[in-house]
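As the structure is a computational prediction, the values presented were derived from the model and not from experiment. All heavy atoms count here, side chains included; hydrogens, waters and symmetry mates do not.
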Amino acid sequence: MANLQEQANQLEQALRESTEFQDLKQAYDAVMSDPAAKQMFENFRETQLNLQEKHMQGLDISEEEIEKARQVVETVQQHEAISKLMEEEQKLNNVINEISQIITKPLEELYGAAE
C-alpha cells in the first residue's frame, strides 16, 4: 500500500509541474490580481456553490435563482481573464479525467468481465 501512496504522491507532483496546471495557476493569478475580475469570479463561485449545495440537499432551485446564475455566467464569460481561467481549468479537468480513467481501468476490466 505504501508503494501506491508513494506513486500517488509522485503523480500529484507531476500534476503540479504539468503545463496544464502551470497555465491554470497563471490564469488564476491574473484574475486574483485584478480587483474587478476577482470580485466577479468570487460572485460566480459563490453562486455555483450555493446552487450545488441546494441541489445536494434536494432543495428546489427557483427560476429566479437559475436566471441569476445564468446572468452571472454570461458576465464572467465576457471577461477575458476569467474566460481564460475557465478554459485552463477545463484543460486540467480533461487531464485529471484521463488519469482517473487509467487508474480505474483495472476495476472496469474486472467488473466488465463479469457481464
Side-chain angles (χ1 to χ4, degrees):
M1 183 67 160
N3 187 31
L4 286 176
Q5 290 174 335
E6 183 179 317
Q7 290 175 345
N9 287 330
Q10 290 172 355
L11 179 57
E12 178 212 359
Q13 189 59 40
L15 186 62
R16 287 179 187 275
E17 295 170 1
S18 71
T19 302
E20 292 83 359
F21 183 80
Q22 293 302 316
D23 290 348
L24 175 61
K25 186 175 182 330
Q26 186 176 11
Y28 179 83
D29 291 345
V31 168
M32 292 299 118
S33 68
D34 176 344
K38 180 179 178 182
Q39 182 61 44
M40 289 171 73
F41 182 70
E42 288 174 352
N43 185 33
F44 167 71
R45 293 278 298 146
E46 182 179 324
T47 300
Q48 252 187 337
L49 293 173
N50 287 339
L51 292 179
Q52 286 175 355
E53 186 175 308
K54 283 186 102 172
H55 179 73
M56 288 174 55
Q57 293 175 353
L59 300 174
D60 290 333
I61 299 172
S62 70
E63 285 297 320
E64 181 180 314
E65 290 171 313
I66 292 171
E67 182 57 33
K68 179 187 174 205
R70 190 174 299 128
Q71 290 173 355
V72 169
V73 169
E74 287 177 15
T75 301
V76 297
Q77 286 177 334
Q78 292 175 8
H79 193 286
E80 187 176 340
I82 298 173
S83 182
K84 175 73 172 165
L85 174 59
M86 294 169 78
E87 178 184 322
E88 296 303 334
E89 184 177 343
Q90 184 59 48
K91 288 178 186 177
L92 183 60
N93 281 334
N94 290 342
V95 170
I96 292 170
N97 286 336
E98 289 173 16
I99 292 169
S100 179
Q101 288 176 353
I102 293 167
I103 291 171
T104 58
K105 190 173 183 176
L107 291 174
E108 290 175 22
E109 289 174 355
L110 177 66
Y111 288 110
E115 292 177 6

J.: Counting distance only, does the side-chain N/O of Ser100 pair as donor-acceptor with the main-chain N or O of Asn97 below 3.5 Å?
T.: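 Side chain of Ser100 to backbone of Asn97, a donor-acceptor pair under 3.5 Å: no, none is there.
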J.: Are His79 and Asp34 packed together at the side-chain level, in the sense that at least one heavy-atom pair is separated by less than 4.5 angstrom?
T.: yes
J.: Set out, in order, the CA-CA distance, both residues' side-chain angles and the distance that settles side-chain hydrogen bond (donor to acceptor under 3.5 Å, both in side chains) for Asn94 and Gln90, then state yes or no.
T.: CA-CA 6 Å; Asn94 290 342; Gln90 184 59 48; 3.0 Å; yes
J.: For residues 20-30, which residue pairs pass the side chain to side chain donor-acceptor pair (under 3.5 Å) check, not counting sequence neighbours?
T.: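 Checked against side chain to side chain donor-acceptor pair (under 3.5 Å) - neighbours excluded - the pairs reaching residues 20-30 are Lys25-Asp29.
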J.: Between Leu51 and Ala69, what is the shortest heavy-atom contact and its length?
T.: CD1-CB, 3.4 Å
J.: Are side-chain heavy atoms of Met32 and Phe41 found at a separation under 4.5 Å?
T.: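 Result yes, sub-4.5 Å side-chain heavy-atom pair found.
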J.: Only counting residues at least two apart or in another chain, list the ones meeting salt bridge (Lys or Arg N to Asp or Glu O under 4.0 Å) with Glu89.
T.: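 With neighbours one apart ignored, the set is empty.
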J.: What's the separation between atom CG in Asn93 and atom CG in Leu24, rounded to the nearest 0.5 Å?
T.: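 Going from the CG atom of Asn93 to the CG atom of Leu24 covers 8.5 Å.
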J.: Run the numbers on Phe44 and Met86 for side-chain contact (heavy atoms from CB on, under 4.5 Å), then give the verdict.
T.: CA-CA 11 Å; Phe44 167 71; Met86 294 169 78; 3.9 Å; yes
J.: Could you tell me whether Lys91 and Glu88 make a salt bridge, using a distance below 4.0 angstrom between a side-chain N and a carboxylate O?
T.: yes
J.: Thinking salt bridges, do Arg70 and Glu74 make one under a 4.0 Å N-O criterion?
T.: no
J.: Nearest 0.5 Å, please: how far is CD1 in Ile103 from CD in Glu108?
T.: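 It comes to 11.5 Å.
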J.: Check whether any side-chain heavy atom of Gln7 sits under 4.5 Å from a side-chain heavy atom of Leu11, and report yes or no.
T.: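 Gln7 does not reach Leu11 side chain to side chain.
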J.: Which residues pass the salt bridge (Lys or Arg N to Asp or Glu O under 4.0 Å) test with Glu63, not counting sequence neighbours?
T.: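 With neighbours one apart ignored, the set is empty.
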J.: Show your reasoning for whether salt bridge (charged side-chain N to carboxylate O under 4.0 Å, His left out) applies to Glu80 and Lys84.
T.: CA-CA 6 Å; Glu80 187 176 340; Lys84 175 73 172 165; over 6 Å; no
J.: Glu17: what forms a side-chain hydrogen bond (donor to acceptor under 3.5 Å, both in side chains) with it, not counting sequence neighbours?
T.: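 If we apply the side-chain hydrogen bond (donor to acceptor under 3.5 Å, both in side chains) test to Glu17, skipping adjacent residues, the hits are Gln13.
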J.: If the condition is salt bridge (Lys or Arg N to Asp or Glu O under 4.0 Å), which residues does Glu65 pass it with, not counting sequence neighbours?
T.: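 Partners of Glu65 under the salt bridge (Lys or Arg N to Asp or Glu O under 4.0 Å) test: Lys54.
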J.: Would you compute the distance between atom CD1 of Ile66 and atom CD1 of Ile61 and round it to the nearest 0.5 angstrom?
T.: 6.0 Å
J.: Side chains of Gln77 and Ile82: does their closest heavy-atom pair fall under 4.5 Å?
T.: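 Heavy-atom side-chain distance check fails, nothing below 4.5 Å.
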J.: Among all residues two or more places apart in sequence or in another chain, which pass the salt bridge (Lys or Arg N to Asp or Glu O under 4.0 Å) test with Lys38?
T.: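 Listed in chain order: nothing, the list is empty.
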J.: Just wondering, do Thr47 and Val73 contact through their side chains at under 4.5 Å, heavy atoms?
T.: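 Val73 does not reach Thr47 side chain to side chain.
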J.: Looking at OG1 of Thr75 and CE of Met40, how far apart are the two atoms once the value is rounded to the nearest 0.5 Å?
T.: 5.5 Å
